[in-house]
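Please read the structure below before turning to the comments.
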Protein chains: 2
Amino acid sequence: MQKVDGRKARGEKKRRAIVEATLRVIERDGVAGVTHRSVAREAGVPTTAPTYYFATLDDLLIATLLWSAEELCDEMLKIVASGGSAREIAQSLAKAVNENRGRTLAEYELYLLAGRRPELKPAARRWLDLAVEVVRPADPVAFRAFLAAVDGLLMQGLIADVAPNEDELEPIVSFLIRGCDDFTPAPREE
Amino acid sequence: MQKVDGRKARGEKKRRAIVEATLRVIERDGVAGVTHRSVAREAGVPTTAPTYYFATLDDLLIATLLWSAEELCDEMLKIVASGGSAREIAQSLAKAVNENRGRTLAEYELYLLAGRRPELKPAARRWLDLAVEVVRPADPVAFRAFLAAVDGLLMQGLIADVAPNEDELEPIVSFLIRGCDDFTPAPREE
DNA sequence: CAACTACCTGAACAAGTGTTCCACAAGTTT
DNA sequence: AAACTTGTGGAACACTTGTTCAGGTAGTTG
């Protein structure tokens, strides 16, 4: 008979809390602001807790990227599921560069981190692969162009004097998804 | 009668050497690897030289971003001047994510830096503004979509397992610039 | 309730950081 | 050549960093 060890359960919870705190630190101060101590302070745990749960600072960043990537995938799936019209997509993009600006910045910093750590690449581009998989676009070239533009619009939105809003983004999104059947997947052959 | 002060000339030269060394450090180790000491070592100057020329480490990064942005603009203008066909653009992109991978990574790290330092934003998006200005696109929406996709293709190229080559990129670029008259500027009304 | 185990943490350390300071060298002007 | 300005660099300081480690604590088991 197996009983869940309360100690381990608590540990797992704290571990998650540390990862979440790390993401908040990145949102606020960037990857550069991540230190064992800053994370510990943010999470409200002792200084050595992050070291205890993650062998190295790198491991902590990696865990944070993996978790963030997972969340991003969930959000993307929601958009696709809801129909994926130009309006909805533009709305999501506008939110990412306005209300969720810090979060979006964090995501791209982790993105670039993957550029220097080959083992992180799969996680970083997970949402891309997943998008292709669930949408099964009729025109792969058009779809790849669309996905690239999404990244570009977000990045450029981050360095604009005033971030673009939904109405400004919509025509661009519309232009990009013409020929993509509004995300309607190609019929799968059985 | 004014004579150029040999001291100042030498100083200016060293200053530039330090900025160039900084960019090399970023290419190799990322922004995180930039310290007064690492830059000094790379540039072959004493430890305190970077501090002497740049009040703070931030100032050094800022100067590096400005310089890098300038170079990027020059390169973009060259592409436009040479005609800006899909083939040429795809060629440039392929080069950026292969031979010049480190440099491209560095550029995007500095890009994101601008996301957190409002005063750097104009420099970071300089190439975008310049592109719109010199191309004077007939269809602004299509052109903005194209510019966004360029950023996205580069970023996604950086986190691909194997970076895309010219031939893979060309169809996507072609798709994007259809309706842009191959970069031919709209006739300017006089 | 004692023995045990696994988790947890405060203090401490060595290494590296940004920056200051002052003596001095090189170049220019009088 | 003396006076002056500008550039230069080694030593040092106060501080923060990642990480270690030995002891302590909470949860589980017999």
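Here is how names work: the chains are called A, B, and so on, in the same order as the sequence lines, proteins then strands, and each is numbered from 1.
Between the base of C:dG18 and the side chain of B:T51 there is no donor-acceptor pair shorter than 3.5 Å.
For the pair B:K13 and D:dG7, the criterion of a side-chain N or O lying under 4.0 Å from OP1 or OP2 is not met. At least one side-chain nitrogen or oxygen of B:Y52 sits closer than 4.0 Å to the OP1 or OP2 atom of D:dG7. At D:dT17, none of the side-chain N or O atoms of A:H36 fall inside 4.0 Å of OP1 or OP2 (strictly under the cut-off). Of the side-chain N and O atoms in B:K14, one or more sit less than 4.0 angstrom from OP1 or OP2 of D:dG9.
Because its NZ or CZ atom is not both nearer than 6.0 Å to the ring centre of A:F146 and within 45° of the ring axis, A:R144 does not count as a cation-pi partner of that residue. Both cation-pi conditions hold for B:R15 and B:F54: the charged atom is under 6.0 angstrom from the six-membered ring centre and inside a 45 degree cone around its axis.
Across all strands, A:Y53 comes closer than 4.0 Å only to sugar-phosphate atoms, never to a base (heavy-atom distances). If you check every strand for non-hydrogen atoms under 4.0 Å, B:T56 touches sugar and phosphate atoms only. Using a 4.0 Å heavy-atom criterion, one finds that B:T48 contacts the bases of the nucleic acid, with or without backbone contacts as well.
Looking at heavy atoms from C-beta onward, B:E70 lies out of side-chain contact with B:W127 at the 4.5 angstrom threshold.
In this structure, CG of B:L57 is placed 11 Å from P of C:dT17, rounded to the nearest angstrom. Across the protein-nucleic acid pair, B:D59 atom CG and C:dG18 atom C1' stand 13 Å apart, rounded to whole Å. When rounded to the nearest whole Å, the span between CG of B:L60 and C1' of C:dT19 equals 14 Å. Summarising the geometry, the separation between CZ on A:R41 and P on D:dT16 is reported as 9 Å, rounded to the nearest angstrom. The CZ-P distance, from A:F54 to C:dC8, rounds to 12 Å in whole Å. To the nearest angstrom, P of C:dA6 lies 16 Å from CD of A:E12.
A donor atom on one side chain and an acceptor atom on the other are found under 3.5 Å apart for A:Y108 and A:D151.
Nearest to the side-chain atoms of A:R37 among the listed nucleotides C:dA12, D:dG10, C:dT17 stands C:dA12.
Using a 4.0 Å cut-off between a side-chain N of Lys or Arg and a carboxylate O of Asp or Glu, B:R87 and B:E166 qualify as a salt bridge.
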